[in-house]
Amino acid sequence: MRIRNHRLKAFYLQTLRFLRLIRYPNLLIIVFSQYFVAIFLIGPSSEYLYYLKNIYLFLLSLSTVSIASAGYIINDYYDIKIDIINKPRRVVVGKFLKRRQAMILHSILNFIGIGLGLILGLKIGVIVTFCAFWLWLYSNQLKRLPFVGNLSVAILTGLSISIVGFFFGRNMLLVNFYALFAFFISLIREIIKDMEDMRGDQEFDCKTLPIVWGIRKVKIFIYSIMVFFASVIFLISGAINNTSLYYYFIGMMVPYIFLIYKLNQADKRRDFKFLSNLCKGIMLAGVLSMVFI
């Protein structure tokens, strides 16, 4: 009995570590977002059961999260030494999972994601293959360059929304509006995360924006992005001519302004971590606004 309990405990711990490795909360947000896009933007929402039971949408989400999971694994594979400094408690690759095993998992998940994409059609297959390659390139090179890595993640985040509209071929204006929203919030969050991870990045000569420009200039850059982002979102939401959506985004200015206020005060790693999580909350709030379309 003790041996069995020990095995169950070991299996439980390994499962938790694997889920931590693939950033399961982020994957849930991807699935949540894609199903909301299908139900409320592609819609109509009265046919939600159709989309909940739609095998093609399920395969599309599974393909997306498989590629994203592979991306998280390869990112940790290349960042072992940096992560030991920045977030030692979250290190899985090299500590609980051998590097060779991580590469095998990365390859298997990419194979599943690309395979499912090709089942859904050649165009979807090409898109997910591009995403898999770009995530590898990001982990290997781009994330160590100023702004290029941040921009790459933001584009891929927006693409995870756009691909649903592209697959169903309907309401692309609305879908791309939310893809743009996801792009900007992700871009802001990625730059903030670079400020959070400055210590480890400096140790290994990464040329991220906070290291190249310094915290003060990066904050000014983020403020400019935020002002531009808010202007674009209000212009487009006004053009869509949906009163409920317009006022919902006015309400979202409260956490948005709070983000600006906290960013102005932030100077410690825990402050930037809080801001990163706040960006994730704003992203979820934006997804929920689809209910009003």
Side-chain angles (χ1 to χ4, degrees), residues 16-34 36 64-65 68-69 71-73 75-76 79 82-92 135 138-139 143 147 149-158 160-161 178-201 206 208-210 215 218-219 221-223 225-227 229-230 233 248-249 251-290:
L16 282 181
R17 287 162 186 158
F18 175 72
L19 290 174
R20 188 168 64 198
L21 175 65
I22 62 172
R23 318 290 201 279
Y24 74 93
N26 295 352
L27 300 183
L28 290 175
I29 290 174
I30 291 173
V31 174
F32 175 74
S33 301
Q34 289 187 329
F36 258 56
T64 306
V65 297
S69 299
Y72 286 128
I73 291 172
N75 184 65
D76 282 10
D79 278 0
I82 295 175
D83 287 343
I84 287 173
I85 296 173
N86 287 334
K87 39 198 171 186
R89 294 182 181 179
R90 290 182 55 185
V91 174
V92 175
L135 282 168
Y138 163 80
S139 300
K143 72 174 296 181
F147 192 64
N150 309 130
L151 188 63
S152 297
V153 173
I155 290 171
L156 290 171
T157 301
S160 70
I161 300 292
Y178 279 96
L180 190 66
F181 174 85
F183 165 81
F184 276 113
I185 289 294
S186 179
L187 181 61
I188 293 165
R189 181 170 181 260
E190 287 301 313
I191 298 173
I192 289 172
K193 282 171 63 182
D194 280 348
M195 291 192 281
E196 179 188 347
D197 294 338
M198 270 187 73
R199 185 184 164 204
D201 291 344
C206 296
T208 60
L209 278 180
I215 293 292
V218 170
K219 283 185 178 183
F221 182 58
I222 293 175
Y223 296 145
I225 292 174
M226 293 179 79
V227 170
F229 164 52
I233 290 299
Y248 186 95
F249 276 100
M252 280 187 62
M253 284 295 101
V254 175
Y256 199 69
I257 292 170
F258 181 65
L259 175 64
I260 295 172
Y261 169 73
K262 294 297 288 184
L263 178 61
N264 182 58
Q265 292 188 322
D267 60 359
K268 295 182 176 63
R269 191 172 188 275
R270 66 172 178 268
D271 298 331
F272 297 120
K273 184 176 180 61
F274 172 80
L275 290 169
S276 174
N277 289 330
L278 181 57
C279 285
K280 197 181 291 188
I282 293 172
M283 174 88 79
L284 278 172
V287 172
L288 287 172
S289 71
M290 295 179 192

Are Y178 and S289 close enough that a side-chain donor and a side-chain acceptor fall under 3.5 Å?
->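 Result is yes, a qualifying pair exists.
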D76 and R23 ion-paired at < 4.0 Å | yes
Take atom OH in Y24; do more than 12 heavy atoms of anything else shown fall under 6.0 Å from it?
-> no
If we only count heavy atoms from C-beta on, is the [X] to [Y] side-chain gap below 4.5 Å?
X    : Y    : answer
V65  : V31  : yes
L151 : F183 : yes
L259 : C279 : yes
F36  : I161 : no
M252 : I282 : yes
F181 : V287 : no

Spatial distance of atom [atom1] ([X]) from atom [atom2] ([Y]) [nearest 0.5 Å]:
X    : Y    : atom1 : atom2 : result
I215 : I222 : CD1   : CD1   : 8.5 Å
K143 : N75  : NZ    : CG    : 3.5 Å
L209 : D201 : CG    : CG    : 11.5 Å
S33  : L28  : OG    : CG    : 10.5 Å

Between [X] (side chain only) and [Y] (backbone N and O only), is there a donor and an acceptor less than 3.5 Å apart?
X    : Y    : value
Y248 : A285 : yes
K262 : D271 : no
K219 : A266 : yes
Y256 : M226 : yes

Side-chain donor-acceptor distances from residues 190-198 under 3.5 Å, at least two apart:
unit_1, atom_1, unit_2, atom_2, d
D194, OD2, N150, ND2, 2.8
D197, OD1, R269, NH2, 3.4

Output all residues satisfying ring pair (Phe, Tyr, Trp, His ring centres under 6.0 Å) with Y72, sequence neighbours left out; order by chain, then residue number.
->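 Result, ring pair (Phe, Tyr, Trp, His ring centres under 6.0 Å) vs Y72: none returned.
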With K280, which residues qualify under side-chain contact (heavy atoms from CB on, under 4.5 Å), at least two apart?
->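 By the side-chain contact (heavy atoms from CB on, under 4.5 Å) rule, K280 matches N26, I29, R189.
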Heavy-atom pair with the smallest gap, counting every atom of Y261 and Q265 |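 Closest heavy-atom pair between Y261 and Q265: OH-NE2, 3.1 Å.
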Would you name the heavy atoms of I82 and C206 that are closest together and state the gap between them?
-> CD1-SG, 3.8 Å
